[in-house]
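What follows is a set of notes on a single structure, which appears directly below.
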Amino acid sequence: MTDPILTLRVAEVTPETDDAVSVSFDAGEGTELRHRPGQFLTLRIPAPDGWVARCYSLSSAPGDTRPTITVKRVPGGMASNWICDRLRPGDTVETLPPAGRFTPASDHRNLVLFAAGSGITPVMSILRARVQEGGRALLVYANRDDRSVIFAAELRRLTEAYPDRFQVLHWLETLQGLPDAARLAALVRPWAAPDAALLCGPAPFMRAAAEALEHLGVDRTRVLTEEYRSLASDPFAMLTASPAQLPADAAETATVTVELDGRRRTFPWPARTTLLDLLRAQDVDAPFSCREGACSACACRVVDGEVKMLRNTVLEEEDLAEGYVLACQAVPLTDRVEVVYD
Ligand SMILES: Cc1cc2nc3c(=O)[nH]c(=O)nc-3n(C[C@H](O)[C@H](O)[C@H](O)COP(=O)(O)OP(=O)(O)OC[C@H]3O[C@@H](n4cnc5c(N)ncnc54)[C@H](O)[C@@H]3O)c2cc1C
Ligand code: FES
């Protein structure tokens, strides 16, 4: 099994606001990060009792000279404060490969984006990529006040560079109060029907934005959301631990065929074992991050048979309709299952 852990060298730490920094990494040999706009890294961060793992979205677009994350302090938070206070150019950090499904389909070129606070990070990556490729985007961006607006100058530059294709509408809570569905819908209404809408921010903001899109008749399957949370588990510990032992009792065992990195392999699949545990035990380099059904790093597509997910707080209706499942939560329902990692 190849080691999925990458070591990145910090090139620059740039203050964005009083409580947010961008950290860019040298994309040197062996640390090349291929990612889609909107994906995240899972970093290993020192903590008082050892280590914690935390996800941070890339704010840079694929192909930018330096992959960059943008981190906002959470009061009392372990990793965000360590990154803002301690990380310096020349330091190294370990990460899992870029992952996540908060990324528009390649033919979705007309986007409505809703971001609040540090939720701008993956949205920035998406809009940088789409606008540079000739697509259109409207961004509704909510913040407490004008001092807390991350990327204010870069957003101004983009609106000047692409006046016909990119517009940003700032929402400042100190002036306008908390955003609600009716007022968000009124802001977005003049923008032509989007191919997709992407939402990232605190839960109440995302609920209001989703309701606004519903009022405007945007199909639910065209709405993608990214929820921020801290990981409770440590995926790095799992990678260094010996593989899980599969149950010896094979009374209820299905068969799974897995296509990953151009290789097809077939394994017996014990009924109560998750697909991810099975694949790691078989030395298959299947991707993952949270193992809690919350990040989608482990998503794969079922092309034959059926599985049950024990937990899913991240895949949307559109993903499920396309056959996507979370390997870290999938157990077999039929005797034969076939899955593909895209
Ligand atoms: C897919 C994904 C992408 C993410 N991308 C980014 C990103 O681009 N930039 C970024 O800054 N963060 C991002 N996050 C959030 C990040 O992973 C951490 O959850 C966050 O930095 C807090 O971690 P911490 O260790 O500092 O705080 P912790 O020590 O985990 O938490 C400290 C306290 O703060 C609370 N808390 C945790 N998170 C938040 C929050 N976001 N807001 C308010 N209170 C909170 C906790 O409940 C706890 O009480 C992302 C999360 C996910 C799952
Ligand atoms: S590893 Fe995060 S959802 Fe499976």
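When a ligand or atom number is given, it counts from 1 through the structure's own listing order. Values below: all heavy atoms of this structure, side chains included; hydrogens, waters and symmetry mates excluded.
- With a 4.0 Å heavy-atom cut-off, ligand 1 is reached by the side chain of E226 but not by its N, CA, C or O.
- Counting the atoms of ligand 2 from 1 in the order shown, those under 4.0 Å from a heavy atom of C298 are 1 (S), 3 (S), 4 (Fe).
- Contact annotation for A294 and ligand 2: only backbone heavy atoms (N, CA, C, O) come within less than 4.0 Å of the ligand.
- Considering both main-chain and side-chain atoms, P122 never comes within under 3.5 Å of ligand 1 through any nitrogen or oxygen pair.
- By the 3.5 Å distance cut-off applied to N or O atoms, S230 is counted among the residues near ligand 1.
- D91 places a side-chain N or O within 3.5 Å of a backbone atom of R88 that can act as its donor or acceptor partner.
- When each atom of ligand 2 is checked for a heavy atom of C328 under 4.0 Å away, the hits are 1 (S), 3 (S), 4 (Fe).
- If you check which protein heavy atom lies closest to atom 9 (N) of ligand 1, you get T70 O, 2.9 Å.
- Heavy-atom proximity to G77, at under 4.0 Å, picks out these atoms of ligand 1: 24 (P), 26 (O), 27 (O), 28 (P), 29 (O), 32 (C).
- Atoms of ligand 2 found under 4.0 Å from any heavy atom of R291, numbered from 1 in the order shown, are 1 (S), 2 (Fe).
- Judged by a 6.0 Å distance limit and a 45° cone about the ring axis, R128 is positioned over the six-membered ring of F151.
- Taking a cutoff of 4.0 Å between a charged side-chain nitrogen and a carboxylate oxygen, E160 and R157 do not qualify as a salt bridge.
- Closest to atom 21 (O) of ligand 1, if we only count protein heavy atoms, is Y56 OH, 2.7 Å.
- The closest protein non-hydrogen atom to atom 11 (O) of ligand 1 is K72 N, 2.9 Å.
- A donor-acceptor contact shorter than 3.5 Å links the side chain of R9 to the backbone of G90.
- For R336, the CZ atom counts as loosely surrounded, since its 6.0 Å shell holds 12 or fewer non-hydrogen atoms of other residues, nucleotides or ligands.
- From the protein, the heavy atom lying nearest to atom 2 (C) of ligand 1 is C55 CB, 3.6 Å.
- For atom 45 (C) of ligand 1, the closest non-hydrogen atom on the protein side is V74 CG1, 3.5 Å.
- Using cut-offs of 30° and 60° on the angle between ring planes, the pair H170 and Y141 is tilted.
- Near F40, meaning under 4.0 Å from one of its heavy atoms, ligand 1 places the atoms 1 (C).
- One finds no salt bridge joining D277 and R272 here, because no Lys/Arg side-chain nitrogen approaches an Asp/Glu carboxylate oxygen to under 4.0 Å.
- A donor-acceptor contact closer than 3.5 angstrom is absent between the side chains of S59 and T68.
- Looking from atom 26 (O) of ligand 1 to the surrounding protein, the closest heavy atom is S80 OG, 2.6 Å.
- Distances from atom 4 (Fe) of ligand 2 show that C290 has no N/O/S atom below 2.8 Å.
- Not one N or O of P75 is nearer than 3.5 Å to an N or O of ligand 1, by distance alone.
- Side-chain atoms of E316 and T225 form a donor-acceptor pair, as typed in the model, at a separation below 3.5 Å.
- When the shell of 6.0 Å around CD of E154 is examined, it contains more than 12 heavy atoms from other residues, nucleotides or ligands.
- Taking the centre and axis of the six-membered ring of Y324, the NZ or CZ atom of R101 falls inside the cone set by 45° and 6.0 Å.
- Of the N or O atoms in R54, one or more lie within a sub-3.5 Å distance of an N or O in ligand 1.
- Under 4.0 angstrom from ligand 2, there are no non-hydrogen atoms of A299.
- Close approach of ligand 2 to G293 (heavy-atom distance below 4.0 Å) involves ligand atoms 3 (S).
- The minimum heavy-atom distance between L279 and A286, with the atom names listed, is CD1-CB, 3.9 Å.
- For the residue pair E338 / T257, no side-chain donor-acceptor distance below 3.5 Å is found, with atom types taken as modelled.
- At a cut-off of 2.8 Å, C295 is not counted among the residues with an N, O or S atom near atom 4 (Fe) of ligand 2.
- The shell of residues lying under 4.0 angstrom from ligand 1, judged by heavy atoms, excludes R73.
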